[in-house]
Amino acid sequence: MNNNQIIAKIFNEIADALEFLGDNPFKIRAYRTAANVIEGLVEDISVYIQRNEKIYGIGEDLREKIIEFLRTGKIKKHEELLSKIPKGIFEIMNIPYVGPKTAKLLYEHFGVDSIEKLKNILETGALLKIKGFGLKKIENIKKGLELYQKLSQRFPIGEVYNDIINFKNYLSSIDGIEKIEIAGSFRRFKETIGDVDILILSKRDVSDDILKHPRIKEILAKGETKISFLYGLSNNKLIQIDIRVIDEKSWGSALMYFTGSKEHNIQMRDLAIEKGYKLNEYGLFKDEMYIAGKSEEEVFDKLLIQYIPPEIREARGEIELAKQFKIPKLIDFNDIKGDLQVHSRYSDGVMDFWEIEAEALKMNYEYVAITDHSKSLKVAGGMDIEDLLKRNEEIKKFNRNSKVKLLISAEVEILNDGSLDYPDEILKNLDLVLASIHNVKKDEDITQRYLKAMDNPYVDIIAHPTGRLVLSREPYKLNLDELFKKASERKIILEINAHYNRLDLNDLNILKAKQYGVKFSIGTDAHNRNGFYMMIFGVKMARKGLLTKEDVINSLSLIELLEYIKFCREYRIKQFASSNK
DNA sequence: GCCGTTTTCGGCCCGACTGTTTTCAGTCG
Ligand SMILES: Nc1nc2c(ncn2[C@H]2C[C@H](O)[C@@H](COP(=O)(O)OP(=O)(O)OP(=O)(O)O)O2)c(=O)[nH]1
Ligand SMILES: [Mg+2]
Ligand SMILES: [Mg+2]
Ligand SMILES: [Zn+2]
């Protein structure tokens with residue numbers, strides 16, 4: 001975790017503690033809002049503190065606490081609260097249907113300060129003695145405990161993507177359902193999702209039809225307008241699905257509500273209040289009179305701000321931008337003319353060129369970069385030079401009669417000393433050189449390796465720059481400012497790896513890199529036929545990073561792309577020559 | 001604890017579902 005993430009965690013824990021103690025709900029919200037703001041910062045929090053820059057949502061007090069953290073690595077108020085409240089309480093409050101009030105009653109009446117104690121007391125039936133605790137409430141706590149144990153925390157979005165699309169298709173087969181949109185973190189394209197939120201337009205009560213689906217395991221709640229249930233994924237894990245049903249005149253406002261984020265919603269509703277309206281999922285209202293709500297566009301129009309694409313609705317300043325009509329036209333899937341990272345049979349992929357072409361045609365591409373691994377990456381079938389040259393000839397032959405052009409490329413290892421895995425005479429004959437690092441020693445800082453490699457004029461793209469894996473590996477130790485500065489100086493492109501386990505660069509790093517004026521490429525890292533669809537993930541990540549098609553080289557036609565690569569290489573060669581005078 | 005184009009107090013998003021209540025509190029979205 002970086003500073004920002006640690007401070008966000010501390011603020012959230014302070015909020016939990018204060019909630020348990022029954023403190024002012026608005027103070028608690030201030031802590032949570034601040035945590036969210038800090039997590040969404042592009043730079044390390046210390047940078048803003050040093051520049052004496054005001055951050056919306058962080059006032060004098062929290063600013064002092066941040067400074068305290070930066071100096072000492074701790075926040076006294078946090079430490080005090082932690083010593084006052086047993087650790088188990090925080091865990092208990094994470095149980096579904098058990099909030100701060102219930103946790104407090106359990107603690108005060110029976111000293112419940114751990115999951116273990118809660119389990120024991122549940123067995124005895126003693127909880128009935130607490131005022132406000134009935135049989136059903138106790139059953140619900142048991143149910144919550146079960147859910148707590150069997151539900152996964154969060155999923156990488158791609159891990160559940162196809163399941164969700166399948167379920168959506170099922171819904172569209174139900175008679176009476178006129179519109180379906182998957183909302184929530186899925187529509188905003190967060191890299192991980194906690195549940196699935198689906199908005200449905202229907203005039204008829206369709207809940208019974210929905211609940212017939214064989215993968216629905218358990219109904220959690222069912223009312224007039226919404227249903228929640230557990231759904232069995234194809235990987236046998238369970239995910240919660242929340243369905244909200246709404247009618248036509250509220251479709252847009254409901255979609256806004258259900259897409260979130262929560263903090264974005266609050267800011268939008270604040271804006272509505274400022275302008276004398278009320279905004280909720282049913283529409284925009286003036287003195288109880290319906291003004292708008294049929295479509296999202298209509299609501300934004302009436303509020304006199306620019307439409308905000310779902311991917312950037314994260315309360316990171318997008319509403320300010322929208323007020324000034326300064327949200328750029330974001331890149332779209334249709335702008336993409338090719339995939340810039342695909343592996344074939346020549347390394348660890350399973351596809352031959354014909355299969356790759358067939359997939360590319362389905363995606364409407366002009367080109368695909370064949371980026372097989374280089375010789376040192378033995379575990380991934382890295383090609384020795386002989387294999388590479390043979391493959392290059394095969395690609396040339398293939399291209400003579402192909403509908404999709406395959407770029408002669410490679411994902412070349414950056415070795416420990418920053419040199420590249422193939423000599424320059426080989427690299428210069430590749431259409432496109434991706435350079436990347438796969439072997440990193442524990443705690444190694446890879447900045448210098450990158451900088452050295454980027455002195456090589458044939459390095460066109462740095463692939464999956466930070467090396468992070470969603471939910472499973474932190475980014476490598478790396479000075480991003482130095483990397484981005486060098487990329488900008490050397491006209492080296494940075495990859496947005498679209499594989500759902502990587503998504504690297506991610507949105508925040510894209511925003512940061514863009515400030516340095518670098519360009520981006522998107523590659524799916526496909527190793528088989530089922531990998532190509534992930535291009536949409538890369539595009540959505542680019543959109544979260546506010547990129548336009550001008551920022552992304554996949555929007556260039558084949559000819560433009562090759563020219564651009566050539567231009568950048570010549571620029572680097574010239575630069576290299578002049579610096580060696 | 002934060003914020004402010006009626007500036008330093010007074011408000012802070014708004015609604016659904018459930019259970020225990022008989023008019024609302026708690027939890028969640
Ligand atoms: N206005 C308002 N909307 C909320 C609130 N909580 C949730 N929502 C809306 C915005 C959320 O994106 C949407 C779905 O809620 P979720 O809890 O599923 O959150 P989300 O999907 O954003 O993230 P997740 O990945 O599921 O954790 O409901 C709230 O307190 N107020
Ligand atoms: Mg959700
Ligand atoms: Mg949800
Ligand atoms: Zn790689």
Side-chain angles (χ1 to χ4, degrees), chain A residues 11 14-16 18-20 22-38 54-66 75 77 92-106 127-128 130-141 143-144 147-148 183-185 193-199 207 219-229 240-246 250 253-285 288 293 315 319 323:
Chain A
F11 282 0
I14 292 176
D16 287 343
L18 295 179
E19 234 177 348
F20 177 74
D23 209 320
N24 177 356
F26 299 108
K27 188 204 278 188
I28 292 160
R29 203 171 85 188
Y31 274 99
R32 292 203 196 284
T33 308
N36 192 264
V37 167
I38 294 167
K54 176 79 186 81
I55 302 173
Y56 189 88
I58 298 179
E60 213 171 308
D61 184 274
L62 294 185
R63 185 187 169 79
E64 280 308 313
K65 289 191 166 63
I66 291 166
I75 293 172
K77 175 156 182 152
I92 285 169
M93 286 196 290
N94 279 331
I95 298 170
Y97 319 121
V98 179
K101 307 288 177 192
T102 306
K104 186 139 193 234
L105 288 171
L106 290 169
L127 295 181
L128 274 173
I130 302 177
K131 189 161 173 288
F133 276 52
L135 281 172
K136 284 184 172 166
K137 179 160 173 83
I138 291 169
E139 273 316 300
N140 266 338
I141 297 176
K143 197 171 116 186
L147 291 180
Y148 178 72
S185 46
I193 63 168
D195 68 359
V196 185
D197 306 287
I198 305 177
L199 187 67
S207 52
I219 298 166
L220 301 174
K222 183 169 181 291
E224 297 272 291
T225 69
K226 64 189 216 184
I227 329 169
S228 289
F229 50 82
Q240 181 172 332
I241 298 187
D242 296 325
I243 291 189
R244 186 76 194 255
V245 185
I246 206 89
S250 298
S253 46
L255 190 53
M256 288 174 68
Y257 151 70
F258 220 23
T259 298
S261 68
K262 173 184 171 181
E263 291 76 13
H264 169 92
N265 286 353
I266 291 175
Q267 290 184 4
M268 287 295 292
R269 288 169 184 211
D270 281 337
L271 178 70
I273 293 168
E274 269 174 44
K275 303 205 171 193
Y277 297 110
K278 178 175 75 171
L279 177 61
N280 60 28
E281 62 265 49
Y282 296 102
L284 184 68
F285 299 87
E288 303 302 304
I319 296 177
K323 282 182 191 166

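Order of the sequence lines sets the chain letters (A, B, ...), proteins ahead of strands, with each chain counted from 1.
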### Task
With heavy atoms under 4.0 Å as the rule, sort A:I28 into base, sugar-phosphate or nothing.
nothing
### Message
What contact category does A:L135 fall into here, base, sugar-phosphate, or nothing, at under 4.0 angstrom with non-hydrogen atoms?
### Response
sugar-phosphate
#### Entry: Length of the line joining A:Y257:OH and B:dG15:C1', which is rounded to integer Å
7 Å
### Message
Side chains of A:H264 and A:M256, heavy atoms from C-beta outward: is any pair under 4.5 Å?
### Response
no
### Message
Can you identify which nucleotide, out of B:dC3, B:dG19, B:dG1, has its nearest atom closest to the A:K54 side chain?
### Response
B:dC3
### Query
Any idea if B:dT22 is syn or anti, going by the 90°-from-0 cut?
anti
### Task
Can you tell me the distance, in whole Å, between the CZ atom of A:R32 and the C1' atom of B:dC28?
13 Å
### Message
If I take atom CD in residue A:E19 and atom C1' in nucleotide B:dC28, what distance separates them, rounded to the nearest angstrom?
### Response
12 Å
### Task
Would you tell me if any nitrogen or oxygen in the side chain of A:T225 comes within less than 4.0 Å of OP1 or OP2 on B:dC17?
yes
### Message
Check whether A:F133 forms a cation-pi arrangement with A:K137 (NZ or CZ under 6.0 Å from the six-membered ring centre, at most 45° off the ring normal).
### Response
yes
### Query
Could you state the CD-P distance from A:Q267 to B:dC2, rounded to the nearest angstrom?
16 Å
## Note on the structure
Atom NZ of A:K27 and atom P of B:dC2 are separated, to the nearest Å, by 10 Å
Can you pull every protein N or O that's under 3.5 Å from an N or O on nucleotides 4-8 of chain B?
none

### Task
Report yes if a side-chain nitrogen or oxygen of A:N265 is closer than 4.0 Å to either non-bridging phosphate oxygen (OP1 or OP2) of B:dC14; otherwise report no.
no
### Query
Using the P atom in both, what is the distance from B:dC17 to B:dT21, to the nearest Å?
22 Å
### Residue A:N280, side-chain atoms from C-beta onward, closest of B:dG29, B:dG15, B:dG1
B:dG15
### Task
Measure from the side-chain N and O atoms of A:N265 to the backbone N and O of A:Y257, and report whether any donor-acceptor pair falls under 3.5 Å.
yes
### Query
Between A:R32 and A:E19, is the closest basic N to carboxylate O distance under 4.0 Å?
yes
### Task
For nucleotides B:dT8 and B:dC2, find the distance between their C1' atoms and express it as a whole number of Å.
12 Å
Please enumerate all protein N or O atoms sitting under 3.5 Å from an N or O of nucleotides 24-27 of chain B, with distances to 0.1 Å.
unit_1	atom_1	unit_2	atom_2	d
B:dT27	OP1	A:G99	N	2.7
B:dT27	OP1	A:G99	O	3.3
B:dT27	OP1	A:T102	N	3.0
B:dT27	OP1	A:T102	OG1	2.6
B:dT27	OP2	A:K101	N	3.3

### Same-atom distance (P) from B:dC28 to B:dT20, integer angstrom
16 Å
### Query
What is the nucleic acid contact for A:K262, judged by heavy atoms within less than 4.0 Å: base, sugar-phosphate only, or nothing?
base
#### Entry: Atom-pair distance (CE on A:M268; C1' on B:dG15), nearest Å
17 Å
## Note on the structure
Taking B:dA16, B:dC17, B:dG1 as options, the one with an atom nearest any side-chain atom of A:A221 is B:dC17
### Query
With respect to the side chain of A:D195, which nucleotide from B:dG1, B:dG29, B:dA16 is positioned closest?
B:dG29
### Query
Who does B:dT8 pair with, Watson-Crick or G-U, both distances under 3.5 Å?
none
### Query
What's the CG-C1' distance between A:D16 and B:dC28, to the nearest Å?
15 Å
#### Entry: A:K278 side chain near B:dG15 phosphate (N/O to OP1/OP2, under 4.0 Å)
yes
### Task
Rounded to the nearest angstrom, tell me the gap between atom CZ in A:F133 and atom P in B:dT21.
12 Å
### Task
Could I get the full list of side chain to side chain contact (heavy atoms under 4.5 Å, CB included) partners for A:Y148, not counting sequence neighbours?
A:E91, A:N94, A:I95, A:P96, A:I115
### Task
Quick one: label A:K77 by what it contacts on the DNA or RNA (base, sugar-phosphate, nothing), any heavy atom closer than 4.0 Å.
sugar-phosphate
### Message
Please compare A:I266 and A:K136 by the position of their nearest nucleotide in DNA chain B and report the one closer to 5'.
### Response
A:I266
### Query
Using the C1' atom in both, what is the distance from B:dT6 to B:dG11, to the nearest Å?
15 Å
### Task
May I ask you to say what A:N140 touches in the nucleic acid, namely base, sugar-phosphate or nothing, with a heavy-atom cut-off under 4.0 Å?
sugar-phosphate
### Contact nearer the 5' end of DNA chain B, comparing A:E281 with A:D242
A:E281
### Query
Which value, in whole Å, describes the distance between the C1' atoms of nucleotides B:dC9 and B:dC14?
24 Å
### A:D197, nearest nucleotide to its side chain (from B:dG29, B:dG1, B:dG19)
B:dG29
### Pairwise C1' distance for B:dT5 and B:dG1, with rounding to whole Å
23 Å
### Query
Are any non-hydrogen side-chain atoms of A:I266 and A:T33 less than 4.5 angstrom apart?
no
### Message
OP1 or OP2 of B:dC28 versus the side-chain N and O atoms of A:Q240: is any pair under 4.0 Å?
### Response
no
### Task
Ignoring hydrogens and angles, answer whether the base of B:dG15 and the side-chain atoms of A:Y282 contain a donor-acceptor pair closer than 3.5 Å.
no
